[in-house]
Amino acid sequence: MSVINLFQFGKGNIGGALIRQVAERSEALAEASGLSFEYVGICGRNLVVFDPRGLNSALQAPGGLDRLLNDGERTADYPGAAAMIDRLLQDPPRNLCVIDTTSADMTEVHLACLRKGVPVVTANKKPITDRGAAYEEIRRLGRAGRMRYWYETTAGAGLPVISTVRELVDTGDEVTEIVGCLSGTLGYICSRLDEGLAFSEIVREAKALGYTEPDPRDDLNGMDVARKALILGREIGYRLELEDLKVEGMVSEALLEAPSVDAFMEMLPREDAEYARRVEDGRQRGQVLRYVATVGDGTCRVGLRSVDRDSPLGSLSGSDNMVVVTTMRYCDNPLIVRGPGAGPEVTAGGLFGDLIKAARTLPDGDR
């Protein structure tokens, strides 16, 4: 039996869902593949739970996960993620894998792990949308020898978007354009607009359902989609920085600069008339609104577009994501990847898949 030791940054919706999935699936996975995952550490903003002997027994006890995450060691002098990883890497457990489900600036943490040969499984887009030099270093270290860097969920939640694009490039195909709807949250908003609801009402609904970030501006400013577009652009060889992208948010600058979330939510109805007009204009032309990322001709741009209702993007509903990839091989009939694009369970499932792949690259994981 191969024991893979896990240290995870992030214990929020996605992080908690991943821990639950691993805990619930661990016995069956061990029997099926000989891989046993053992959590040795879970780290939040001001909480650390660490035991090199393992945490699984505590996690699998009734109410164990909630108890562990809520009653972990809280310290006034919490050193932060970089210092925490330095301590861990001084004497790392055998077959260690580090997981990042945060949205923090974790570039140096990822690099520290990779320099020690420790695999990183991440849903965090920031390190690979950091400056080009940092991205290139992560890419070099992540692909040196055995594959060490797993980031499928950074662009498509549980969908195989990055691996599909990477396989096309690695096999010598030339990607000429990638067009997609890459936000389950914004997809949900656009889908509800099709139904005639007011924009402000939809955003309130999405927030209440937990589809948006606690501050919906973090979705509506378009930067999450921009980072995903940049990741895909870099995968096909574009040398771009985040500031090179053309980004159109879904609300005006005045709303984005509101002094608080509450103030922003109160100001939202200002957008309703314009959205109603755009939806009606599109309807008369047989079109619908979609928030689209376009990667092609060496550039990336994201923004709200009207697309034909019967086109692939126009057929999307709810929070589904879609990526349409046109290449030299797939030119007359582009390759399409479509599926759920929002929800902690979906993203956690994608992370779990990457985790299993990462485990098999470790010395005891490829038996």
Side-chain angles (χ1 to χ4, degrees), residues 1-11 14-15 18-19 21-23 25-26 29-30 33-43 50 52 54-56 81-82 84-102 104-130 134-156 158 160 162-163 166-167 170 231 234-235 347-367:
M1 183 66 65
S2 304
V3 178
I4 311 300
N5 290 299
L6 309 178
F7 189 96
Q8 181 169 310
F9 290 96
K11 61 179 186 62
I14 294 172
L18 177 60
I19 295 167
Q21 289 183 15
V22 172
R25 181 67 181 159
S26 59
L29 187 60
S33 65
L35 289 174
S36 176
F37 292 107
E38 180 75 46
Y39 271 96
V40 296
I42 301 167
C43 187
F50 180 73
L55 299 169
N56 280 18
M84 183 62 60
I85 206 68
D86 286 344
R87 293 180 188 177
L88 182 66
L89 295 178
Q90 286 175 13
D91 184 22
R94 182 171 174 78
N95 291 322
L96 174 65
C97 184
V98 169
I99 304 164
D100 179 7
T101 68
T102 75
D105 294 322
M106 297 281 279
T107 301
E108 291 306 317
V109 170
H110 290 199
L111 286 170
C113 293
L114 294 173
R115 287 167 182 149
K116 285 282 190 176
V118 173
V120 176
V121 173
T122 182
N124 185 350
K125 292 175 278 294
K126 287 187 177 177
I128 50 173
T129 56
D130 203 337
Y135 166 77
E136 292 295 341
E137 182 71 354
I138 287 175
R139 183 181 175 88
R140 182 184 69 80
L141 293 168
R143 293 193 177 189
R146 295 171 183 252
M147 183 72 175
R148 298 290 188 194
Y149 201 71
W150 303 87
Y151 54 104
E152 184 72 73
T153 57
T154 60
I162 291 174
S163 56
R166 188 168 60 228
E167 185 172 299
D170 287 347
I231 290 167
R234 285 177 167 179
E235 284 296 311
T347 304
L351 280 165
F352 199 177
D354 271 357
L355 183 57
I356 292 170
K357 294 171 191 172
R360 290 181 174 141
T361 71
L362 291 165
D364 292 345
D366 55 1
R367 294 176 179 176

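Residues take their numbers from the sequence shown, with the count starting at 1.
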Looking at side-chain heavy atoms only, is the closest gap between Val3 and Asn5 below 4.5 Å? yes
Got Ile138 and Tyr151 here, is their nearest side-chain heavy-atom distance under 4.5 Å? no
Can you list the steps and then say if Arg148 with Cys113 is a side chain to side chain contact (heavy atoms under 4.5 Å, CB included)? CA-CA 9 Å; Arg148 298 290 188 194; Cys113 293; over 6 Å; no
Nearest-0.5 Å distance that lies between atom CD1 in Ile85 and atom CE in Met106: 7.0 Å
d(Ile42 CD1, Ile19 CD1) to nearest 0.5 Å is 3.5 Å
Just verifying a value: how many Å separate Trp150 CH2 and Leu351 CG, rounded to the nearest 0.5 Å? 13.0 Å
Show, in sequence, the C-alpha distance, side-chain angles and deciding distance for Ile99 and Tyr39, and conclude whether the side chain to side chain contact (heavy atoms under 4.5 Å, CB included) test is met. CA-CA 11 Å; Ile99 304 164; Tyr39 271 96; 4.1 Å; yes
Looking at residues at least two apart in the chain, or sitting in another chain, which of them share a salt bridge (Lys or Arg N to Asp or Glu O under 4.0 Å) with Glu136? Arg239
Parallel, tilted or perpendicular, as decided by the 30° and 60° cut-offs, for the rings of Phe352 and Phe37: perpendicular
Hey, are the side chains of Arg360 and Lys357 touching, using non-hydrogen atoms and a 4.5 Å cut-off? no
Quick one: do His110 and Thr107 satisfy side chain to side chain contact (heavy atoms under 4.5 Å, CB included)? Show the steps, please. CA-CA 5 Å; His110 290 199; Thr107 301; 5.9 Å; no
When you compare the side chain of Leu355 with that of Leu6, does any pair of heavy atoms fall below 4.5 Å? yes
So do the side chains of Ile231 and Arg234 get within less than 4.5 Å of each other, counting heavy atoms only? no
For Gly15 against Gln8, the heavy-atom pair lying closest together: O-NE2, 3.1 Å
Is a donor on one side and an acceptor on the other found under 3.5 Å between the side chain of Ser26 and the backbone of Ser36? no
Does Asp91 have more than 12 heavy atoms from other residues, nucleotides or ligands lying within 6.0 Å of its CG? no
Does Thr122 offer a backbone N or O that forms a donor-acceptor pair with the side chain of Asp100 under 3.5 Å? no
Restricting to non-hydrogen atoms, name the atom on Thr361 and the atom on Pro119 that form the minimum distance, rounded to 0.1 Å. OG1-CG, 4.4 Å
Counting N and O atoms only, with roles assigned by atom type, does the side chain of Asn95 sit under 3.5 Å from a partner on the main chain of Leu362, one being a donor and the other an acceptor? no
I need the Leu18 CG to Lys11 NZ distance, nearest 0.5 Å. 14.5 Å
Thr101 side chain to Phe9 main-chain N or O, any donor-acceptor pair under 3.5 Å? yes
Thr347 and Ala123 have their tightest heavy-atom pair at CG2-CB, 4.4 Å
Under 3.5 Å, is there a donor-acceptor pair between the side chain of Glu38 and the main chain of Val40? no
With a 4.5 Å cut-off on side-chain heavy atoms, are Arg115 and Leu141 touching? yes
Would you say that Phe7 contacts Met84 through its side chain, given a criterion of any heavy-atom pair below 4.5 Å between the two side chains? yes
For Ala104, is there any backbone N or O sitting under 3.5 Å from a side-chain donor or acceptor partner on Asn124? yes
Does atom NZ of Lys116 have more than 12 heavy-atom neighbours from other groups under 6.0 Å away? no
Is there a side-chain contact between Leu29 and Ile356, using heavy atoms and a 4.5 Å cut-off? yes
Return yes if some donor-acceptor pair links the side-chain N/O of Glu235 with the main-chain N/O of Ile162 below 3.5 Å, else return no. no
Can you list the steps and then say if Leu96 with Leu89 is a side chain to side chain contact (heavy atoms under 4.5 Å, CB included)? CA-CA 9 Å; Leu96 174 65; Leu89 295 178; 4.3 Å; yes
